[in-house]
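Only a predicted model underlies this, so the values are computations on that prediction, with no experimental measurement involved. Heavy atoms only: backbone and side chains are in, while hydrogens, waters and symmetry mates are out. Both ligands and their constituent atoms are indexed starting at 1 by order of listing.
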Amino acid sequence: MKTYRIALLPGDGTGPEVVAEGVKVLKAVSAKYPVKFDFAKYDLGGERYLKTGETLPESILKELEGYDAIYLGAIGHPDVKPGILEGGILLKLRFHFDQYINLRPVKLYPGVDTPLKDKGPGDIDFVIVRENTGGIYTGMGGVMRKGTSEEVATQIMLYTRSGVERCLRYAYDLTRKLGRKKKLTLCHKTNVLTYTGDLWMRAFEEIGSAHYPDVGRDYAHVDATTMWMVKNPEFFDVIVTENMFGDIITDLGAMIQGGMGIAAGGNINPKGLSMFEPIGGSAPKYTGKNVINPLAAIAAAQMMVAYLGEAQAGEAMEGAIVRALGSGKIKSLSAGQMGMGTKEVGDLVASYV
Ligand code: IPM
Ligand code: MN
């Protein structure tokens, strides 16, 4: 029996409530399958920052290196200026552990409402591979003459050939492994971003034709991608895209799969430490009320288990989520409208494991 060391970072707002339900389901999995989890909790987040001025101390970063995975709730606090916690904790973790893939499945489960008219589970089932450590997120750029009418500000979209290549290879491998439509769509904006877009496009074509002749190649500009995601989501199998475009289109993806209550993601370093999180934020207005939907966090835990190599336990978790959604007991996936509380949704999924 294998024991995995999991670092819990519940974080801010509703993060702790949803992580607790994820842990509940993981414990239910341990009771039935030969897999154990050792949890250690870290209080990173807005409260700690307000008390100590610290976001993510080096000593904790070092400690985290000893875990098999990180399970994160949410980062973001209404009393802390935007950017401090996001940059100091979430992005710092992604960069420090070189989690260069942000894997965000867009899957509409049976029994879940989508705002897309006439589309069902057979139409909405694809994966977005978002590059996660490059582009505008590197923080390169600067400002001069700040606060004057002559102010100048830049924010640079930085990509290296090797950074683009490793992301593309991951996406090609995944498309092949999933073995479905076997179609990889590159999403970019090559008609305007003639340097970085061209870098992505050439690497995409070269790697694809040389190493993945069995995978179909397709391209869509990012603006058109949003259009197709609404009009013809069945068109997609795997989409690979740069960081900022991926940030934007995955929120759209979350909405068409039923909302932030169900959308999960993994920040992945294929050879290192990965981190799993629900995509929705800290939702301050729902905090502490037992009304937030924990399914996204439970789905993130399920991605983590599958990623750790525990296929059977991962399938059991996904099956439990599907049964809970299909039970008709959860009235809506929106916070406060579920017809039951956060804890009760966790209990329901745990009972189906
Ligand atoms: C996400 C979030 C983050 C991002 C923010 C909170 C920094 O929107 O995980 O999608 O932009 O990556
Ligand atoms: Mn986002």
List the closest protein heavy-atom neighbour of [atom]: residue, atom name, distance to the nearest 0.1 Å.
| atom | value |
| --- | --- |
| atom 1 (C) of ligand 1 | Arg104 NH2, 3.4 Å |
| atom 11 (O) of ligand 1 | Tyr137 OH, 2.6 Å |
| atom 5 (C) of ligand 1 | Leu90 CD2, 4.2 Å |
| atom 2 (C) of ligand 1 | Asp247 OD1, 4.0 Å |

- Message: Other residues, nucleotides and ligands only: do more than 12 of their heavy atoms fall within 6.0 Å of NZ on Lys182?
- Response: yes
- Proximal heteroatom of Asp247 relative to the Mn ion (ligand 2) (N/O/S): OD1
- Query: Rounded to the nearest 0.5 Å, how far apart are CD1 of Ile321 and CD1 of Ile262?
  - Reply: 6.0 Å
- Rounded to the nearest 0.5 Å, what separation is found between the CZ atom of Phe37 and the CG atom of Leu8? 11.0 Å
- Message: Taking the six-membered ring for Trp, are Phe126 and Phe235 closer than 6.0 Å centroid to centroid?
- Response: no
- Message: So, regarding Asn102 and ligand 1 (criterion: nitrogen or oxygen to nitrogen or oxygen, under 3.5 Å), is there a contact or not?
- Response: no
- Message: I want to know if ligand 1 touches Arg130 in the polar sense, i.e. an N/O pair below 3.5 angstrom.
- Response: yes
- Measuring to the Mn ion (ligand 2), does Asp251 have an N/O/S atom at a distance below 2.8 Å? no
- Looking at Arg166 and Asp98, does any basic side-chain N land under 4.0 Å from a carboxylate oxygen? yes
- Is Lys92 paired with Glu58 through a side-chain N to carboxylate O contact shorter than 4.0 Å? yes
- Task: Taking atom types as modelled, find out whether Asn132 and Tyr137 have a side-chain donor-acceptor pair closer than 3.5 angstrom.
- Result: no
- Message: Is Met244 close enough to touch ligand 1? Criterion: a residue heavy atom under 4.0 Å from a ligand atom.
- Response: no
- Close-contact set for ligand 1 against Arg94 heavy atoms, below 4.0 Å: 1 (C), 4 (C), 9 (O), 12 (O)
- Counting from 1 in the order shown, the ligand 1 atoms closer than 4.0 Å to a non-hydrogen atom of Glu86 are 6 (C), 7 (C)
- Side-chain cluster (under 4.5 Å, hydrophobic types only) that Tyr49 belongs to, other residues: Leu9, Tyr42, Leu44, Leu50, Leu56, Ile60, Leu61, Leu64, Tyr67, Ile70, Leu72, Ile75, Val80, Ile84, Leu85, Ile89, Leu90, Leu93, Phe97, Leu273, Met275
